[in-house]
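The figures that follow rest on heavy atoms only: side chains count, while hydrogens, waters and symmetry mates do not. Whatever order the structure lists ligands and atoms in, that order sets their numbers, starting from 1.
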Amino acid sequence: MSIPQPQNGTLRLGSTAPNFTADSSLGDITFYDYIGENWCILFSHPDDFTPVCTTELGAFAKLEPEFTKRGVKLIGLSVNDSDSHRAWIKDIDEITGSRLSFPIIADPERKIALLYDMIDYQDATNIDDKGVQLTIRSVFIIDPSHKIRLIMTYPASCGRNTAEVLRVIDSLQTSEKMGRKITTPINWVPGDDVIIAPTVSDNEASKLFPKFRSIKPYLRLTPLPKDSSNI
Ligand code: BEZ
């Protein structure tokens with residue numbers, strides 16, 4: 001069987017996140033310059049001055065210090081212009097008690113939205129007053145080598161969960177730190193046991209993770225070692 005290939009331009013996990021230059025609430029931005037050596041969360045919302053989006057942007061802004069601690073930069077996007085973004089940010093801060101300081105990209109021509117496939121097939125509840133699609137609630141986690149590591153897509157009617165986005169960052173960064181020799185189980189949060197990757201033999205596992213236990217040959221759990229310098 002041949003492996004199905006993405007169509008030209010389709011972004012998948014492992015794809016390189018395309019670079020772009022755009023206007024934003026903080027002026028012109030070149031995406032790769034903004035990311036620098038950091039991780040990045042690029043996320044879109046349907047429309048400024050709307051209720052769910054206001055709660056979401058306020059929540060991301062309030063959690064920004066936790067992302068910063070982990071070397072993660074935030075950047076929003078919608079099809080509104082940058083004057084609209086700047087005016088709306090004042091409302092977001094007033095309503096949610098945030099101090100939103102990350103940029104929100106202005107993409108009225110939907111150039112970046114199309115590049116990143118942030119437009120749905122057609123949700124009739126998510127269109128502007130001219131009937132043109134708005135962006136959906138997309139989240140891209142991008143690593144410092146510009147590889148896409150997570151894609152989430154939520155419908156307009158459902159606000160996202162910032163704790164989940166942070167949890168995925170913790171999972172990805174923990175796995176990286178452990179040389180990708182561990183994965184994380186359902187509902188994992190930092191402090192919980194992790195799974196030893198199938199590529200690690202029992203022999204190697206007993207050296208790297210002396211406290212590991214085997215539930216089945218394919219399911220081996222371990223606390224994270226305090227010192228990971230030998231991994
Ligand atoms: C909202 O943020 O509440 C929203 C925006 C666009 C469509 C539906 C809901």
Quiz item: Side chains of Asn203 and Ser201: do they bring a donor and an acceptor to under 3.5 Å?
Solution: no
Exercise. Answer yes if the side chains of Ser15 and Lys147 hold a donor-acceptor pair under 3.5 Å, and no otherwise.
Key: no
Quiz item: Under 4.0 Å between a Lys/Arg side-chain N and an Asp/Glu carboxylate O for Lys69 and Glu66?
Solution: yes
Quiz item: Taking N or O atoms only and a 3.5 Å limit, does Ser157 qualify as a polar contact for ligand 1?
Solution: no
Quiz item: Any luck finding a side-chain donor-acceptor pair between His85 and Asn80 under 3.5 Å?
Solution: no
Self-check item: Region of Pro46 engaging ligand 1 - heavy atom pairs below 4.0 Å
Solution: side chain
Practice problem: Distance to 0.1 Å, residue and atom name: give those for the protein heavy atom nearest to atom 1 (C) of ligand 1. | Solution: Val52 N, 3.3 Å
Quiz item: Nearest to atom 4 (C) of ligand 1, what protein heavy atom do you find, and at what distance?
Solution: Arg137 NH2, 3.6 Å
Exercise. Check whether any N or O atom of Thr50, backbone or side chain, sits under 3.5 Å from an N or O atom of ligand 1, and answer yes or no.
Key: yes
Quiz item: If you measure only the distance, is there a donor-acceptor pair under 3.5 Å linking the side chains of Ser171 and Arg167?
Solution: no
Quiz prompt | Glu56 and ligand 1 - part of the residue with a heavy-atom distance under 4.0 Å | solution = neither
Quiz item: With atoms numbered from 1 as shown, which atoms in ligand 1 lie under 4.0 angstrom from a non-hydrogen atom of Ala156?
Solution: 7 (C), 8 (C), 9 (C)
Self-check item: Leu134 N/O to ligand 1 N/O under 3.5 Å
Solution: no
Quiz item: With side chains defined as the heavy atoms from C-beta onward, is the minimum distance between His45 and Phe60 less than 4.5 Å?
Solution: no
